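Below is one structure; the comments refer to it alone.
These numbers come from a predicted model, not from an experiment. Side chains are part of it too, since the values below use all heavy atoms of this structure and drop only hydrogens, waters and symmetry mates.
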Amino acid sequence: MSTLAEIQQAIISIPKSDYAQLIRWLREYDWEEWDREIEEDVRVGKLDALAAEAWEAKAKGELREL
């Protein structure tokens, strides 16, 4: 399987139990990929400005409870 259409057709034809397992795996994979992206963004400093803004807001007492 090399094309998206082939993959989609294969997904349509698998048993429901396999489909449920695939969905669980995709969700986990997606979260792991998200974690890797965030870790890389932190490593290269992409989030530094947001962190500085948060620390400044905390110092000024401007944060609110979630």
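Every residue meeting the side-chain contact (heavy atoms from CB on, under 4.5 Å) condition with L22, not counting sequence neighbours, appears here in chain and number order: I11, I14, W25, L26. By the salt bridge (charged side-chain N to carboxylate O under 4.0 Å, His left out) test, R27 pairs with no residue at all, sequence neighbours left out. By the side chain to side chain donor-acceptor pair (under 3.5 Å) test, E56 is found to be paired with K60, residues two or more places apart in sequence or in another chain being considered. With sequence neighbours excluded, no residue forms a salt bridge (charged side-chain N to carboxylate O under 4.0 Å, His left out) with E62. Residues forming a salt bridge (charged side-chain N to carboxylate O under 4.0 Å, His left out) with E32 (at least two apart in sequence, or on another chain): none. Listed by chain and residue number, nothing satisfies the side chain to side chain donor-acceptor pair (under 3.5 Å) test with E39 (two or more places apart in sequence, or in another chain). With sequence neighbours excluded, the residues forming a side-chain contact (heavy atoms from CB on, under 4.5 Å) with E53 are L50, listed by chain and number. Among residues two or more places apart in sequence or in another chain, the salt bridge (charged side-chain N to carboxylate O under 4.0 Å, His left out) test is passed with D48 by none.
Grouping the Ile, Leu, Val, Met, Phe, Trp and Tyr side chains by contacts below 4.5 angstrom, directly or via other members, places Y19 with Y29.
Within the structure, salt bridge (Lys or Arg N to Asp or Glu O under 4.0 Å) contacts touching residues 9-24 (residues at least two apart or in different chains) do not occur.
Here the straight-line distance linking atom CD1 of I7 with atom CD1 of I12 works out to 12.0 Å at 0.5 Å rounding.
Side chains of E40 and E37 form no contact here, defined as non-hydrogen atoms less than 4.5 Å apart.
In the hydrophobic clustering (ILVMFWY side chains linked at under 4.5 Å, chained through shared members), V44 stands by itself.
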